[in-house]
There are 2 protein chains.
Amino acid sequence: MNKPGQQVISRLRQMILSGDLASGQRLAEIPTAEQLGVSRTPVRIAFRTLEQEGLLTKLSGRGYIVRQVTQAEISGSIEVRGVLEGLAARQAAENSLSNEQKHELLTLLRQGDDLFVKGSIDEQDLALYHDINQRFHQIIIEASLNPAIAEALSRNEHLPFASVSALAFDQNNLAQEYRRFNFAHMQHHAVFDAITNGQGSRAEAIMREHANATHGYAKTFSKMEESGEKMQVLNNVNSAL
Amino acid sequence: MNKPGQQVISRLRQMILSGDLASGQRLAEIPTAEQLGVSRTPVRIAFRTLEQEGLLTKLSGRGYIVRQVTQAEISGSIEVRGVLEGLAARQAAENSLSNEQKHELLTLLRQGDDLFVKGSIDEQDLALYHDINQRFHQIIIEASLNPAIAEALSRNEHLPFASVSALAFDQNNLAQEYRRFNFAHMQHHAVFDAITNGQGSRAEAIMREHANATHGYAKTFSKMEESGEKMQVLNNVNSAL
DNA sequence: TTTTTATTTATTGGATCCAATATAGATGAA
DNA sequence: TTCATCTATATTGGATCCAATAAATAAAAA
């Protein structure tokens, strides 16, 4: 099913998002093609695609570099995510959820409850909650019945910083992360409550606030990148925490 | 300055946005390349670029078609534009405008005032107001100091329906259009007032409402497209009316 | 020593060839 | 007549060649 050309794009995207290709690193067509074992053609297309996704920056005549982002850009991107996911929550409330959607969201909320009754959190819990979180947001975006939201998010979603800010966590401070994730889970409950009660404005406000909760990580991420450190990252996500 | 490859993309984009290539029309690489007088390579890249911009839809094994959009998609896209431009207005208010920005916005508002004291409108006025409007929105987006907003908008902005809905007007009902544009102009005044007074929330609310004013055109556009008609279009714009 | 200019080199962009693939049409059997 | 299968054709995807271009470097003049 997977076409080789798409694989080149995916592989490069993965290498960027995972940090294997550091921010600012230069990429030329010929060495990249040799490294991936393909010709220049698919690499050329991949570079252009990734440039459009905002992962690469073109240097005229000297190939591409992995896009470098400032802390201000990270924060701005989080704000954009906030209004888009807020709109999704509003429209989901206005359209009402299907029974299946309502049921799956309830199941996800219950799984989260089980996680947080323990009073502490480890890396495995984080990975699990990451999946729960991702699915929770995905359902609401789908329930908005507005494909333009997903389209607009898909741009942000691929940005390395957005990805990182959404799923990064400080493994040296699990107690703090427990509080953060627990609070996020309570916000999920509140969003669900607002949506199922048809309170579009309230759902929008809570969801926007929820997305903005990752702002602190923009700062942390920038600092770590300056010092060459890498944040702990679970994998790629498509939604704010 | 213009590279030939970029020209192929621009030309195709223009043909789509102007309606020369009708919605749903099929495009293959070889005929398109011959028609444009280039080889398949730049056309291939252009097709992929335009697909990512949302202008083309890929048919596996049979090339591309000019993307077809439903009325619901148009409305959804207007909502997305609304929250993004609303966010821009809020952040512009929070950051405060530069003196240059404030001055240019005032000049634009005054030009609009001059237009609407006449009490009626013709096509030339519409073209002029279109430019004023576009620049007005552009300045606010710049003043937000949030490049992610422009990035997110640039996706929507290229969609044929978004473009049409933003700048279309009914040339058979100029009296109605006069009222609509006049009201939009008053909203511009209100947005400017809120921004310069540092009222971020108010600026956001007005701007969002302002963007949503184009909703009626989604319906009109869909109807006209069904019947094969083309709406009167000034040229491409990058902002809501 | 500094600045300008010329030359080399690295790198992308376009054209074309060949291979892979999917669709459409034709042919045959039920 | 209808369905399945096979074949032919249209079309994209990848590889490679050549040309254009921009950057880096070397050389020469001020």
Side-chain angles (χ1 to χ4, degrees), chain A residues 1-16 20-68 151 154 158 160, chain B residues 1-16 20-69 151 154 158-160:
Chain A
M1 170 70 222
N2 284 331
K3 301 237 178 107
Q6 293 298 320
Q7 279 184 5
V8 171
I9 299 177
S10 304
R11 283 176 67 185
L12 285 172
R13 188 189 288 125
Q14 187 60 33
M15 289 167 78
I16 295 167
D20 289 346
L21 295 172
S23 177
Q25 177 165 343
R26 210 177 130 216
L27 290 174
E29 282 180 14
I30 296 174
T32 306
E34 284 172 359
Q35 194 179 332
L36 297 180
V38 294
S39 82
R40 276 181 54 212
T41 308
V43 173
R44 268 166 72 179
I45 290 175
F47 280 2
R48 284 171 177 269
T49 302
L50 296 172
E51 185 196 6
Q52 278 210 317
E53 286 181 9
L55 289 175
L56 296 180
T57 303
K58 192 175 159 72
L59 310 173
S60 86
R62 269 180 313 146
Y64 294 79
I65 59 171
V66 178
R67 176 167 170 188
Q68 294 173 303
E151 260 186 74
S154 76
H158 287 136
Chain B
M1 168 75 219
N2 284 331
K3 300 238 178 105
Q6 293 297 320
Q7 279 183 5
V8 171
I9 299 178
S10 305
R11 281 176 68 185
L12 285 172
R13 188 190 288 125
Q14 187 59 33
M15 289 166 79
I16 295 168
D20 289 346
L21 296 173
S23 177
Q25 177 165 342
R26 212 177 128 215
L27 290 173
E29 283 180 13
I30 296 173
T32 306
E34 284 172 357
Q35 195 179 330
L36 298 180
V38 293
S39 82
R40 274 180 56 212
T41 307
V43 174
R44 269 165 72 180
I45 290 174
F47 279 2
R48 287 173 174 267
T49 301
L50 296 172
E51 185 196 6
Q52 277 210 318
E53 286 182 9
L55 289 175
L56 295 181
T57 303
K58 192 175 158 70
L59 309 173
S60 86
R62 269 181 312 146
Y64 294 79
I65 58 170
V66 179
R67 177 169 172 185
Q68 295 173 303
V69 289
E151 260 187 72
S154 76
H158 287 134
L159 292 175

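Residue numbering restarts at 1 for every chain, and letters A, B, ... go by the order of the sequence lines. Only heavy atoms go into these numbers, but all of them, side chains included; no hydrogens, no water, no symmetry mates. Remember, predicted model here, so these are calculated numbers, not experimental data.
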S.K.: Pairs under 3.5 angstrom, nitrogen or oxygen only, protein versus nucleotides 5-7 of chain D, please.
M.R.:
none

S.K.: OP1 or OP2 of dG13(D) less than 4.0 angstrom from a side-chain nitrogen or oxygen of Arg48(B), does that happen here?
M.R.: yes

S.K.: Whole-Å distance between dT11(D) P and Leu27(B) CG?
M.R.: 12 Å

S.K.: Would you give the length of the straight line joining atom CD1 of Ile16(B) to atom CG of Leu27(B), rounded to the nearest 0.5 angstrom?
M.R.: 6.5 Å

S.K.: Ignoring hydrogens and geometry, is there a side-chain-to-backbone donor-acceptor pair from Arg62(A) to Arg26(A) under 3.5 Å?
M.R.: no

S.K.: Return each pair, listed once, that meets side-chain hydrogen bond (donor to acceptor under 3.5 Å, both in side chains) where at least one residue sits in residues 30-52 of chain A; pairs must be two or more places apart or across chains.
M.R.: Glu29(A)-Arg40(A)

S.K.: Indicate whether OP1 or OP2 belonging to dA23(D) is found under 4.0 Å from a side-chain N or O atom of Ser60(A).
M.R.: yes

S.K.: Quick one: is dG13(D) close enough that its OP1 or OP2 comes under 4.0 Å of any side-chain N or O from Lys58(B)?
M.R.: yes

S.K.: In whole Å, what is the span from the CZ atom of Arg40(A) to the P atom of dG13(C)?
M.R.: 8 Å

S.K.: Measure the spacing between CZ of Arg67(A) and CG of Leu55(A) and express it to the nearest 0.5 Å.
M.R.: 8.5 Å

S.K.: Atom CD of Glu53(B) and atom CD1 of Ile9(B): how far apart are they, to the nearest 0.5 Å?
M.R.: 7.5 Å

S.K.: Between Ile30(A) (CD1) and dG13(C) (C1'), how many Å, whole number?
M.R.: 12 Å

S.K.: Enter the distance from Gln7(A):CD to Arg13(A):CZ here, rounded to the nearest 0.5 Å.
M.R.: 12.5 Å

S.K.: Could you grab the distance from atom CG of Leu21(A) to atom CD1 of Ile65(A), nearest 0.5 Å is fine?
M.R.: 12.5 Å

S.K.: Between Arg62(A) and Gly37(A), just flag the one whose closest nucleotide in DNA chain D comes earlier from the 5' side.
M.R.: Gly37(A)

S.K.: Report yes if at least one side-chain N or O of Ser39(B) is closer than 4.0 Å to OP1 or OP2 of dG14(C); otherwise report no.
M.R.: no

S.K.: Nearest whole Å is fine: how far is dT12(D) C1' from Glu34(B) CD?
M.R.: 15 Å

S.K.: What is the distance from CG of Leu59(B) to P of dT21(C), rounded to the nearest Å?
M.R.: 19 Å

S.K.: Measure from CZ on Arg44(B) to C1' on dG13(C) and round the result to the nearest Å.
M.R.: 13 Å

S.K.: Find the distance Leu36(B):CG to dG14(C):C1' and express it as a whole number of Å.
M.R.: 14 Å

S.K.: Starting from the 5' end of DNA chain D, give me the residue, Arg26(B) or Thr41(B), whose nearest nucleotide shows up first.
M.R.: Arg26(B)

S.K.: Nearest-Å distance, OH (Tyr64(B)) to P (dT11(D))?
M.R.: 14 Å

